[in-house]
Enquirer: 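This structure is in structure tokens; I'll ask about it shortly.
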Amino acid sequence: MNDDRDHHPLHTPVIDWFDDNARDLPWRRPEAGAWGVMVSEFMLQQTPVSRVLPVYGQWLERWPTPGALAADPSGEAVRAWGRLGYPRRALRLHAAATAIAQLHNGEVPTDHAELLALPGVGEYTAAAVASFAYGQRHAVLDTNVRRVFARAVTGVEYPPNATTAAERRVAHRMLPADEATAARWAAATMELGALICTARGPECVRCPIAGQCAWRLAGSPEHDGPPRRGQTYAGTDRQVRGRLLAVLREATEPVPQAALDAVWHEPVQRARALDGLVADGLVEPLQDGMYRLPG
DNA sequence: TATACGTGGAT
DNA sequence: TATCCAAGTAT
């Protein structure tokens with residue numbers, strides 16, 4: 001049909017580069033299976049590989065199947081999540097495991113729509129699991145791939161803050177027609193963004209497509225659009241939540257209110273943060289002002 | 001569409 | 001020290 005799609009000039013150099021430079025990550029090994037891929041994708045949301053590695057290994061050892069995780073209390077998932085950040089991901093992974101055990105016979109679904117219906121699985125993760133675990137043909141648009149396309153195809157330094165329809169069109173247009181090649185392309189473009197085409201200080205001298213990169217050919221113009229919003233953290237509810245949850249993660253027994261009060265001086269914000277954790281299902285209030293991770 | 005949601009390493 | 005940034009999702 002469209003010869004461009006089968007033989008786009010970027011495909012071969014990027015995939016050849018990946019053949020030689022792909023990191024040996026545990027979730028890329030065949031023995032990881034679809035569950036291993038799914039666990040890694042949850043952990044890697046907004047979190048660097050180096051911090052995921054140790055937790056991933058412990059997690060898969062303790063819960064080698066969705067059914068194993070579903071059989072334990074959600075609070076144990078929150079505890080094992082440790083300091084990875086965004087602990088609601090642990091809760092959602094536990095909920096996804098429960099759904100898989102109950103609705104999918106304990107097997108991670110192969111169908112994209114069924115993946116998308118799982119808690120904590122959004123546009124990116126559904127495509128990633130379908131592509132990496134099952135070799136399917138999907139546009140896998142994470143922050144790395146978006147940056148690679150922004151530069152190599154669109155010719156700008158950074159992608160927009162939120163994924164746009166235009167980016168999805170580019171990703172689909174660039175997707176190799178062959179299923180296995182498309183899956184390889186997805187992993188290769190992501191790795192290129194992670195290792196070479198980084199947000200700051202891209203190593204264009206080592207880039208396999210530097211000679212074809214629209215951004216470089218335009219003279220590497222600096223980002224001009226709206227500032228890319230940075231998240232403040234100090235003094236926010238998120239920081240307070242983090243401190244409260246850290247206390248509960250370390251405790252093996254229910255914790256009294258006083259122990260939680262000690263982590264933050266301002267009572268209104270402290271109470272709001274604790275209420276939020278309870279509302280999110282990350283903390284379980286007991287009788288007499290005691291708290292613990294959900295049982 | 002904008003905002004909330006953790007944590008820690010790099011610059 | 002202050003920002004930036006990291007394989008996003010839910011609302």
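Reminder, nothing fancy here: chain letters follow the sequence lines and each chain counts from 1. Remember, predicted model here, so these are calculated numbers, not experimental data.
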Enquirer: What's the CE-P distance between A:Met190 and C:dA6, to the nearest Å?
Expert: 13 Å
Enquirer: Under 4.0 Å, heavy atoms only, any strand: does A:Leu93 hit a base, just the sugar-phosphate, or nothing?
Expert: nothing
Enquirer: Determine whether the side chains of A:Glu41 and A:Tyr124 contain a donor N or O and an acceptor N or O closer than 3.5 Å.
Expert: yes
Enquirer: Using the C1' atoms only, state how far B:dG9 lies from C:dT9, rounded to an integer number of Å.
Expert: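 My reading of the C1' atoms in C:dT9 and B:dG9 gives 24 Å.
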Enquirer: Which pairs pass ring pair (Phe, Tyr, Trp, His ring centres under 6.0 Å) with one or both residues in residues 63-105 of chain A, sequence neighbours excluded?
Expert: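 For residues 63-105 of chain A: A:Trp59-A:Trp63, A:Trp59-A:Trp81.
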Enquirer: Whole angstrom is fine here: how far is it from CD in A:Glu157 over to C1' in C:dC4?
Expert: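 Roughly 13 Å, once rounded to whole Å.
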Enquirer: Round to the nearest Å and state the distance from A:Trp81 atom CH2 to B:dC5 atom P.
Expert: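 To the nearest whole Å, that distance equals 18 Å.
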Enquirer: Could you go over nucleotides 7-11 of chain B and give all protein N or O partners under 3.5 Å, atom names and distances?
Expert:
from  : atom 1 : to       : atom 2 : distance (Å)
B:dT7 : OP2    : A:Tyr233 : OH     : 3.4
B:dT7 : O2     : A:Arg51  : NH1    : 2.8
B:dT7 : O2     : A:Arg51  : NH2    : 3.4
B:dG8 : OP1    : A:Arg83  : NE     : 2.4
B:dG8 : OP2    : A:Arg83  : NH2    : 3.2

Enquirer: Salt bridge check, A:Glu179 against A:Arg137: does any charged N sit closer than 4.0 Å to a carboxylate O?
Expert: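 A salt bridge is absent here (no side-chain N lies under 4.0 Å from a carboxylate O).
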Enquirer: Return the nearest nucleotide to the side chain of A:Arg92; candidates are C:dA10, C:dC5, B:dC5.
Expert: C:dA10
Enquirer: Determine the contact category for A:Phe132: base if any of its heavy atoms lies under 4.0 Å from a base atom, sugar-phosphate if only primed atoms, P, OP1 or OP2 are that close, otherwise nothing.
Expert: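 Since no nucleic acid heavy atom lies under 4.0 Å of A:Phe132, the category is nothing.
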Enquirer: Please give, in whole Å, the distance from C:dA7 P to A:Arg147 CZ?
Expert: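 Taking atom P of C:dA7 as the reference, CZ of A:Arg147 is at 6 Å.
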Enquirer: Mind checking if A:Trp27 touches a base, just sugar-phosphate, or nothing, with heavy atoms under 4.0 Å?
Expert: base
Enquirer: When rounded to the nearest Å, what value does the distance between P atoms of B:dT3 and C:dA7 take?
Expert: 23 Å
Enquirer: Without decimals, in angstroms, what is the distance between A:Glu41 CD and C:dA6 P?
Expert: 16 Å
Enquirer: What's the CG-C1' distance between A:Asn144 and C:dC5, to the nearest Å?
Expert: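 Nearest whole value for this atom pair: 11 Å.
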Enquirer: Whether the A:Gln269 and A:Asp237 side chains hold a donor-acceptor pair (N or O, under 3.5 Å, no angle test) is what I'd like checked.
Expert: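 Side-chain D/A pair, A:Gln269 to A:Asp237: present.
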Enquirer: Find which nucleotide of DNA chain C each of A:Leu118 and A:Leu44 is nearest to by heavy atoms, and output the residue with the more 5' nucleotide.
Expert: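 Result of the comparison: A:Leu44.
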Enquirer: Looking only at atom C1', what distance separates C:dA10 and B:dT1, rounded to whole Å?
Expert: 13 Å
Enquirer: Could you tell me how far apart A:Met43 (CE) and C:dT9 (C1') are, to the nearest whole angstrom?
Expert: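 So the CE-C1' distance, A:Met43 to C:dT9, works out to 17 Å.
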Enquirer: Nearest-nucleotide wise, let me know which of A:Leu116 and A:Ser40 is further upstream toward the 5' end of DNA chain C.
Expert: A:Ser40
Enquirer: Can A:Glu157 and A:Arg147 be counted as an ion pair, charged N to O under 4.0 angstrom?
Expert: no
Enquirer: Please state whether the phosphate of C:dT9, meaning OP1 or OP2, lies under 4.0 angstrom from any side-chain nitrogen or oxygen of A:Thr125.
Expert: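 Checking A:Thr125 against C:dT9: at least one side-chain N or O falls below 4.0 Å of OP1 or OP2.
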Enquirer: Just call it for A:Thr143: base, sugar-phosphate, or nothing, with non-hydrogen atoms closer than 4.0 Å on any strand.
Expert: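 Sugar-phosphate contact only - A:Thr143 comes under 4.0 Å of backbone atoms but never of a base.
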Enquirer: What's the OH-P distance between A:Tyr124 and C:dA6, to the nearest Å?
Expert: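 For the pair A:Tyr124 OH and C:dA6 P, the rounded distance is 13 Å.
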Enquirer: Checking A:Trp27 now: which residues fulfil ring pair (Phe, Tyr, Trp, His ring centres under 6.0 Å) with it, not counting sequence neighbours?
Expert: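 Ring pair (Phe, Tyr, Trp, His ring centres under 6.0 Å) check on A:Trp27 returns A:Tyr56.
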Enquirer: Do A:Arg28 and A:Glu191 sit within salt-bridge range, that is, some charged N less than 4.0 Å from a carboxylate O?
Expert: yes
Enquirer: Just to be sure I understand the rule, does A:Val145 reach a base, reach only the sugar-phosphate, or reach nothing, if contact means heavy atoms closer than 4.0 Å?
Expert: nothing
Enquirer: When the C1' atoms of B:dG8 and C:dT1 are compared, how many Å lie between them, rounded to an integer?
Expert: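 Approximately 16 Å lies between the C1' atom of C:dT1 and that of B:dG8.
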Enquirer: I'd like to know if the side chain of A:Gln257 pairs up with that of A:Tyr291 as donor and acceptor (distance under 3.5 Å, no hydrogens or angles considered).
Expert: yes
Enquirer: Side chain of A:Ala199, heavy atoms from C-beta onward: which of C:dA6, C:dA7, C:dT9 has the nearest atom to it?
Expert: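 Taking heavy atoms from C-beta onward, the closest nucleotide is C:dA6.
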